[in-house]
Amino acid sequence: MIFKVFKNQELARLHELLAVNIVVGPVAKGNDRNGKPLYDFDVVYDFNELALDYTQTVHSPKRFVLPYQETLSTFAVNRKDWEKHVDFNVYRPLVFFGMHACDINALNKLDLVLAQSTYPNPYYMGKRKNLFIIGIDCKPEPQCFCRSMGTDSAIHGFDVFLTDLGGKYFAEILSATAFDLLGQISCQDPSAKDLALYKQATNGKNKHYTAQVETSDLTKILDLEFESPAWDYWGEKCLSCGTCANVCPTCYCYGVEEHVDLDLQHASKTKSLHSCNLIDFAKVAGGHNFRPTSASRLKYRYYHKHRGFVEAFEESLCVGCGRCGTACLADITPPEVIASVRGKE
Amino acid sequence: MSEQLSYLGVPLARPKVGFFELSSCEGCQLQLLNNEATLLDFLNLVEIVNFREGMSERADTYDIAFVEGSVTRKDEITRLTEIRRNAKILVALGSCACFGGVNQLKNRFRDLEWVKKEVYGDFPIETMEVHPLADFVQVDLSIFGCPIKKEEVERIVTDLVVGKTVRHPEYPVCMECKANENICLFELGEPCLGPVTRAGCDAWCPSNRRGCWGCRGPAETANLTELEKIMHTYGFDSETILDRLECFGGFASFADTLRPKNIAELSSLPAQTKLIPSGCKKVPARRKKP
Amino acid sequence: MHNKLHFIDVLGRTTGAHRKQDPDSFEYTLPAEITSIYPLTASEKLYQIQIIDPELRNRFSFKPGQFVMLELPGIGEAPFSISSSPVRRGDLELCIRAVGNFTNFLAKMERGAKVGITGPFGTHFPLEKMQGNDILLIGGGLGIVPLRSPLLAVLENRSRYGRVDIMYGAKSPMELLFTYQYEEWRRFDITLGITVDKADKGWKGRTGLITELLQERIKQTTSLRENTYAIVCGPPVMFHFVCKMLTEAGLPMQKMFVSLERRMHCGRGKCCRCNIGSTYTCLDGPVFDYWSVMNLKEAI
């Protein structure tokens with residue numbers, strides 16, 4: 001890996017260089033009822049709109065690679081005959097300016113199932129390959145348990161990752177495009193002092209984690225605790241509203257619906273992100289529901305994240321960003337759920 | 001118009017359709033006329049035989065009857081029964097027809113005579129308690145919303161013509177609200193029934209920073225007990241919850257269980273802060289099938 | 001302007017790529033035609049569906065137990081197990097019960113209608129392994145549908161297999177599927193046992209549970225351990241009891257195969273709708289050996 005340092009004010013220049021493309025980044029979205037600032041990802045036209053010291057965005061960057069709704073194909077119907085038109089909805093590259101490590105890792109996890117397994121999904125792949133990602137370091141928030149999930153630092157899946165050394169950015173460069181770009185701003189090789197500052201920043205960050213999830217033997221414990229009353233406790237609270245899945249950076253489940261147009265000459269096939277917590281998730285034609293209770297659906301969500309995905313890909317599908325717990329009105333958070341299932345509440 | 005409709009080689013019948021209104025604002029029917037871009041395609045798909053708001057001709061046989069509004073007068077029962085008799089499929093159009101809608105708010109008052117006097121003064125009209133259509137006739141299909149969404153009606157009509165079973169989203173509004181990337185209104189200090197209300201509106205109100213009032217009634221899983229806790233956690237009292245739950249009538253049975261708690265809460269307040277005049281005290285719902 | 005990022009076209013490189021690895025074929029549907037429709041019962045019909053392009057039809061190959069996704073524009077897409085013999089390739093037979101939106105519309109379609117096919121998807125019954133062994137094919141209700149493909153494949157190579165038993169149970173004689181083929185199957189030296197839950201007036205066959213049929217078969221041999229394979233398809237309750245009985249009779253779990261049914265929206269291991277526990281029915285199934293099923297939470 002190649003490392004560089006540059007002065008903070010050079011970042012505006014970097015943005016300027018990239019502004020010929022569509023740039024997306026964290027922006028301030030007002031305050032919540034307690035006066036806490038809110039952030040979300042949005043298209044950015046001016047460098048000053050970027051809130052690079054953001055805590056955590058309400059929604060994950062997922063929608064830029066997995067839109068909540070997407071037309072998979074359209075049909076032209078002419079009496080008995082019909083033709084299918086497929087459009088992967090990938091049009092142009094996108095610059096992501098300021099993504100935290102958890103979200104970069106989330107994309108890496110999505111890659112495993114959507115791009116690197118059998119039947120790679122072109123709708124996702126096309127968008128993912130056309131992301132230019134500038135990662136940025138963060139300070140752990142109370143809900144963050146990324147360190148438990150091993151996703152507190154990003155090793156790959158970005159173009160350049162920046163760490164603020166106070167006045168200077170420390171840049172890890174992973175792609176030729178990023179190297180070329182940094183060549184156009186004023187950059188230096190890191191000095192011994194920069195390196196010391198970088199290590200200091202990393203160590204400082206690690207001290208700030210408060211939330212954690214015990215993952216040792218979790219796959220086995222989940223299996224053993226399939227009938228645990230803890231699931232019923234959380235199931236009773238669960239609103240079955242799908243909010244956790246929608247704010248999650250790695251939830252990718254979906255449903256497909258087809259519709260005939262009013263003119264009976266066109267039809268479309270639409271994909272919408274779904275959530276395994278929704279009542280109809282496992283309902284089959286004829287009405288049988290394989291998971292009729294909130295508890296069984298909530299349990300399934302944890303099984304998929306912390307057991308099934310591990311079996312398939314040797315790592316959990318959860319990045320520990322804590323968004324689901326923050327967004328859940330019923331206050332269902334992974335650290336608490338897992339702790340209760342492990343029996344040490 | 002006379003050409004046989006078909007889809008993928010399967011011949012389809014062009015249904016005769018009638019639109020009717022009972023006690024309502026007729027806003028739902030207006031929604032249908034509200035989109036010139038698709039109106040012609042819509043008219044090609046069905047044969048409208050009765051639509052007071054859109055045409056003057058009328059006939060009395062139809063395959064699908066869309067009935068807007070709730071039942072508030074005796075003569076409306078007769079009319080509704082007759083529509084039912086003439087129709088193969090009776091569709092309750094909008095919240096009033098499905099749950100009583102805003103009209104049913106008056107059922108909250110013990111003394112209907114007092115209500116009548118407040119509203120009509122010295123020109124009384126013969127009215128009764130408000131009822132949804134299903135209290136009198138069999139309803140085959142409900143189209144929720146106040147008002148209904150035109151796109152949804154068009155989809156439903158297309159589905160009916162093609163022969164697909166009409167299915168509503170079973171999940172709550174939250175799902176669509178998040179897909180619109182809204183920040184949760186609870187976080188912004190506003191109450192919202194999104195977590196328990198049936199989706200399908202594309203989170204119309206929350207996307208415009210208005211909390212949901214539950215016009216589509218409960219979702220297939222509506223965890224109202226938890227919602228009540230959440231409302232209290234976020235600082236809203238039972239009165240606020242009840243106001244929302246009672247607004248369109250979809251949550252009537254849960255509101256009934258909540259109301260006594262609210263009365264208890266209110267009676268513990270000092271007398272001068274009581275919000276409700278003594279003559280129209282809220283009482284547990286008395287809506288009964290006639 | 002040279003900082004304008006280069007657009008990466010990850011698609012459009014179809015040539016030679018395997019269907020399972022080729023992103024371009026993800027949403028590709030093979031145009032097919034309904035060439036004939038046989039009503040089997042009041043609600044089930046056997047559809048012959050042929051991939052229109054002769055070259056694609058011949059290139060289409062599947063193994064018994066696999067399924068295809070059938071698509072009707074605007075109506076939907078749904079998974080169906082293939083009921084025909086693999087030698088017929090892209091000239092498929094699908095037995096479909098009219099039960100939902102999709103199947104009800106399909107029931108109204110006529111010969112010559114155009115439909116879309118994608119697949120084949122999923123795992124299959126390992127017939128190669130079963131060669132030289134006795135085979136028990138046990139089906140309940142619609143479970144005969146995924147059984148018919150391995151059955152036909154066995155009949156085509158009858159001499160390669162030992163004793164072949166079919167045990168088939170339905171609710172009533174009116175619901176029995178493929179009745180016109182029973183005599184033909186028997187001609188291949190096959191023991192065909194049929195039972196119904198409830199007889200009607202004309203029914204001369206046996207009445208009772210499929211497990212009774214199986215019990216009789218088990219009594220005829222001392223142990224099933226050595227040289228027997230079983231394929232069990234039907235409602236979860238049925239294969240739960242059947243597999244238990246087979247286990248008690250000494251049949252190892254990895255020699256019993258079941259085909260599971262779940263809701264599917266993609267067939268390609270992406271939508272998660274068919275997950276059991278966290279196993280994809282579409283990729284890791286629909287055919288599982290009984291050991292795997294035992295290890296799946298909420299499978300039965």
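What you are looking at is a predicted structure, and each value in this text was computed from that prediction instead of being measured. A note on names: the letters A, B, ... follow the listed sequences, proteins ahead of strands, and every chain is numbered from 1.
Of the two parts of A:L264, the backbone and the side chain both hold a non-hydrogen atom closer than 4.5 Å to a non-hydrogen atom of chain B. Only the backbone of A:N31 comes within contact range of chain B, judged by heavy atoms closer than 4.5 Å. Of the two parts of A:K29, the backbone and the side chain both hold a non-hydrogen atom closer than 4.5 Å to a non-hydrogen atom of chain B. A:Q69 does not touch chain B: none of its heavy atoms, backbone or side chain, sits under 4.5 Å away. Contacts of A:V260 with chain B are made by both backbone and side-chain atoms, with heavy-atom separations under 4.5 Å. Proximity to chain B (any heavy atom under 4.5 Å) is restricted, for A:H59, to the side chain, taken from C-beta onward. Proximity to chain A (any heavy atom under 4.5 Å) is shown, for B:K229, by neither the backbone nor the side chain. Within the 4.5 angstrom heavy-atom criterion, atoms from both the backbone and the side chain of A:L262 approach chain B. If you measure heavy-atom distances from A:N78 to chain B, you find no contacts under 4.5 Å at all.
For A:D40 and A:T57, the side-chain atoms include no donor-acceptor pair closer than 3.5 Å.
Taking chain A as the reference chain and counting heavy-atom pairs below 4.5 Å, the highest number among B:D41, B:L188, B:V196, B:V157 is found for B:D41. By number of non-hydrogen pairs under 4.5 angstrom with chain B, the leading residue of A:K80, A:K237, A:E236 is A:K237. Contacts with chain B were tallied for A:D263, A:I279, A:L329; A:L329 has the most, counting heavy-atom pairs under 4.5 Å. Here B:L45 is the residue among B:L45, B:T225, B:V10, B:L227 with the most heavy-atom pairs under 4.5 Å with chain A. The choice from B:L12, B:L8, B:T233 that makes the most heavy-atom pairs within less than 4.5 Å of chain A is B:L8. Between chain A and the residues B:D159, B:T158, B:V173, B:T38, the most heavy-atom pairs under 4.5 angstrom are made by B:T158. When each of A:N34, A:T243, A:L273 is scored by its heavy-atom pairs under 4.5 Å with chain B, the top score falls to A:T243.
Looking at B:E170 and A:K283, a side-chain N of the basic residue comes within less than 4.0 Å of a carboxylate O on the acidic one, giving a salt bridge. Ion pairing between a basic and an acidic side chain is recognised when a charged N comes within 4.0 Å of a carboxylate O; B:K88 and B:D63 show such pairing. For the pair A:D103 and A:R323, the salt-bridge criterion is met [side-chain N within less than 4.0 Å of a carboxylate O]. Residues A:E70 and A:K269 are not paired through a salt bridge, judged by the lack of any N-O separation under 4.0 Å between the basic side chain and the carboxylate. Ion pairing between a basic and an acidic side chain is recognised when a charged N comes within 4.0 Å of a carboxylate O; A:K271 and A:E257 show no such pairing. The pair B:E152-B:R155 does not meet the salt-bridge criterion, since no charged nitrogen lies less than 4.0 angstrom from a carboxylate oxygen.
Exactly one residue among A:Y39, A:F41, A:Y54 makes a ring-ring contact (aromatic ring centres under 6.0 Å, His included) with A:H100. That residue is A:Y54.
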Carefully, step by step, assess A:S240 and A:S294 under the rule side chain to side chain donor-acceptor pair (under 3.5 Å). CA-CA 6 Å; A:S240 299; A:S294 300; 3.2 Å; yes
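Two rings, from B:F144 and B:F99, have their centers less than 6.0 Å apart.
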